[in-house]
Peer 1: 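Mind looking over this structure? Questions follow.
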Amino acid sequence: MLSQSVIHDVITAALATGGDFAEVFVEDRFTNNLALQGGKIESSLSGRDYGIGIRVFKGLQSVYAYTTDGSKEGLLKAAGKAAQAISGEKIIQPAQLQKEIIPAVHHISLNPREVEKLRKVDVMKKAYEIAKNYHSSIQQVTVRYLDEEQNVLIANSEGKFVEDRRVRSRLAIQSIAAKGNQMQPGFYGPGAHKGFEFMENLNLEHYANEASRIAVTMLGADPCPSGKFPVIIDNEFGGVIFHEACGHGLEATSVAKENSVFANRIGEKVASDVVTYIDDGTIANEWGSITIDDEGEKARKNVLIENGILKGYLIDKFGGRRMGMESTGSGRRQSYRFAPTSRMTNTYIANGKSTPEEIVSNTEYGIYTKYMGGGQVNTTTGDYNFAVMEAYLVKDGKIGKPLKGATLIGNGPKTLQLVDMVGNNLDHGAGMCGSQSGSIPVNVGQPMIRVSEMTVGGTKGGE
Amino acid sequence: MNLHEFKEKLFTLGEQHGFTDMELYYEREEKFACELFKGEIDSYDTSEVFGTSFRGLYEGRMGYAFTEKLDEESLSFLIENAKENSQFIEDEVQEEIFAGSKKYEAGSYYSSSLAEVTIAEKINLLKEIEKHIYAYDERVTGTDYFMLRSGETERVLLNSKGLSLSEKNNHAGIYVSVIVKQGDQVKNGEYSKFTRDFSIFNPEEIARHAVEEALSQLDARSAESKNYPVLLRNDAAGALLQTYIPVFSAENTQKGQSALKGKTGESIAVASLNIVDDPFLEEGLLSSNFDSEGVATARKDIVKDGRLITLMHNCKTAQKDGVESTGNAYKASYKGALTVAPTNLYVNPSDQSYDELVSSLSEGIIITELSGLHSGANTVSGDFSIAANGYYVKDGKVQNAVNQMTIAGNFYELLNNIEAIGSDLEFSLGFMATGYIGSPSLLIRELAVTVE
């Protein structure tokens, strides 16, 4: 993408004013985005992103400059702009760049760039037909298709020089069911760190039917009661609750400045004994997986909480400086337009011992949430909220009628203590996570779990 | 390769490949951002980027592609991909390359005095604000984020029908989130402000706003979960409005994703509600003389005296509905497909102050902050159930902050349940906004409130 000698010169220029570390990130990304609405392809967009980010550290100061101008002059200009922010004398010489070959962990068999768009359109149309024909009340179906090939080159003043190719594919199906003035959406968006083989092997029947089933079910749902209830959260995308309630609070971004409720608590009991929480970027071909992070560190499996005890954080290079700790391979960014920061990959609660049947039958009265929407957290206070896409009332140990309009709110550290049952059916769901370094693909996951008490905000008054 | 050279080569190649009408859209952006933490520069970002998108009619269908590299390889990349992409488009109404409006306003949204503010002056402003933050109250322990951003954008639209438009704008903004601690309670308070006039940034005022906001959240108590009259403070009202603005887009009514389909001319809200989209607002962040298709922008009433006057349109949605474009074609950047979005859109203020609205409440809840809007608000059904922070009011006086809450209701019903509109119009730029949205405080007759 760029020659070692140009990169060496750029790193040297970036260090001219006293920086103690410099890094170059080059990105060349090809994307295809197609949208189908009402059975017809409505838009088909292809693009090429290309840019370079240059980062310089001096102590606890971080400077970032980026540009789309990949000429040597353009890069030296950007390096000069970054160096300008630091005022001093040159203190280090960059080390000789050493090309590192990292074996591909996530095997790609069909590069989407080499697949005719017509085949992509076929997949979308099939998904549309299945979702549309699910039920007569399905009024509208939108199918989105996304693939991307991101080529990156990462080099730094410590001599690192590594390249990586990341290929991802995702299909998102949204169904809208309507009756009279009522409209309800249902959604499913499977994705993987895979090429077009992902689409060819995808169980379209399952995903498209589920999107429509959720919409139709919610159309006939009762308003959700509000109050404090035991809440059963099903597996897969249900893990979004711990992504918000605890994952973000374990990122160096908030821990390093001691702004997180989890700061300085390694070794302490922060969750109930049944909770083991893991971030693992190495799971083969999962949506949130990486071979190397965006600072060139190899992906790894990081145990964050083990049987309730806080074991570690998610750390990037710069956050690690303030914390006096090593990177955990967690430096990620959306693109060259963002300096990397500590982020999650595939984060999940490990399997427990209960079966889903035991969890439900042990719950006298509460709420069962089958599919979650998105959520948000304030990492300073630990307060989180998230929307429930599909929920049911649980009565006398049985799942009862569907409920709509449920929102769960609470405090991360408190909720972690209140998890009283963990199932044995771990699964992962694909999502996008937005934070300081942009929007990145992540997996959330868990087996079915039960929280003994959560605040449920519904449209129907308290019970 | 420079832009004009690239355009000439691209259009020639396009013609050879059988494209009839073609457009090249170009954006160049320079940005600066700086974050301070306890007197030190914590992060410092500077960037200069550009990119182009190509749109062209091939066999009567519009194809799209974009690139950030203006080289020979990109010429064929754009043409080949746009050609392939055009083949699948099945919409009955096709986009067109726009030949141009008769007249364009000549407003300028570029401040040369803002462009002259140096980086050192910007950093000094942050240092001043930070001093005031820590000096204001001993319970301040730090900042969660504390940042200044400034940017400059140039847009150029060139097409084969002879249209050539360009425009530049700039802005600067401050974002502050202050953390306060009292005993084992930790709270934060935020403040953000954007402008084109750097001199309005008053360090003492900004610090006071953010710290007061954080302090006011301390000693939160519970309250009964029930239906209350709810005063959505201007920032919370703006955030809710921002979330539901897409329902005013013709694109969404045509897709069956907005309940305002066929409601043009009808009453959809209380008679006191007026919503305006004004692209010529001097301080507006999205002020512009032409939209993303090159159509001249125009000031318009969206809702007047509670009646829906018009939906927002681009050329394609207008053609489908048999009306004229309202100049609301929007591209998030050269990377995005063409869609519909407001420019500077706001609810008209009344003459009732925020304090008057508070004192009119015998019992109620003030909402100062909403979170999780991206997931808790259903723009299709209008239903929302979202996390909120705020205060409990009794006998016209604020009694205490309330523990985390949810408020639930329906946006379309809310429009008819507005009891009073404040005078305190304020704009904010949320992270999910496609538009610069403003609102005064809104008093809502009743919403379901659940307290943690």
Peer 1: If you count heavy-atom pairs under 4.5 Å with chain B, which of L60(A), D69(A), N378(A) comes out on top?
Peer 2: N378(A)
Peer 1: Under 4.5 Å from any heavy atom of chain A, what part of F77(B) do you find: side chain, backbone, both or neither?
Peer 2: side chain
Peer 1: Ring centres under 6.0 Å, that's the criterion: do Y44(B) and F32(B) meet it?
Peer 2: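 Between F32(B) and Y44(B), which both carry aromatic rings, the centre distance is below 6.0 Å.
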Peer 1: Can you say whether the rings of Y66(A) and Y336(A) are parallel (under 30°), tilted (30 to 60°) or perpendicular (over 60°)?
Peer 2: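 Perpendicular.
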Peer 1: Whether R61(B) and E90(B) form a salt bridge (side-chain N of Lys/Arg under 4.0 Å from carboxylate O of Asp/Glu) is what I want to check.
Peer 2: no
Peer 1: I need the residue from M389(A), E244(A), R322(A) with the largest number of non-hydrogen atom pairs under 4.5 Å to chain B.
Peer 2: R322(A)
Peer 1: Select one option (side chain, backbone, both, neither) describing which atoms of V451(B) are under 4.5 Å from chain A's heavy atoms.
Peer 2: backbone
Peer 1: More than 12 non-hydrogen atoms from neighbouring residues, nucleotides or ligands closer than 6.0 Å to NZ on K255(B), yes or no?
Peer 2: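 Atom NZ in K255(B) is packed in, count exceeds 12.
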Peer 1: Below 4.5 Å from any heavy atom of chain A, which atoms of Q87(B) appear? Answer side chain, backbone, both or neither.
Peer 2: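 Neither part; nothing is under 4.5 Å.
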Peer 1: Between R48(A) and E68(B) (salt bridge meaning N to carboxylate O under 4.0 Å), is one present in this structure?
Peer 2: no
Peer 1: Given a strict heavy-atom distance threshold of 4.5 Å, which part of D42(B) is in contact with chain A: side chain, backbone, both, or neither?
Peer 2: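 D42(B) touches chain A through backbone and side-chain heavy atoms alike.
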Peer 1: Please look at F50(B) and chain A and tell me whether the side chain, the backbone, both or neither of the residue comes under 4.5 angstrom of a heavy atom of that chain.
Peer 2: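 F50(B) touches chain A through backbone and side-chain heavy atoms alike.
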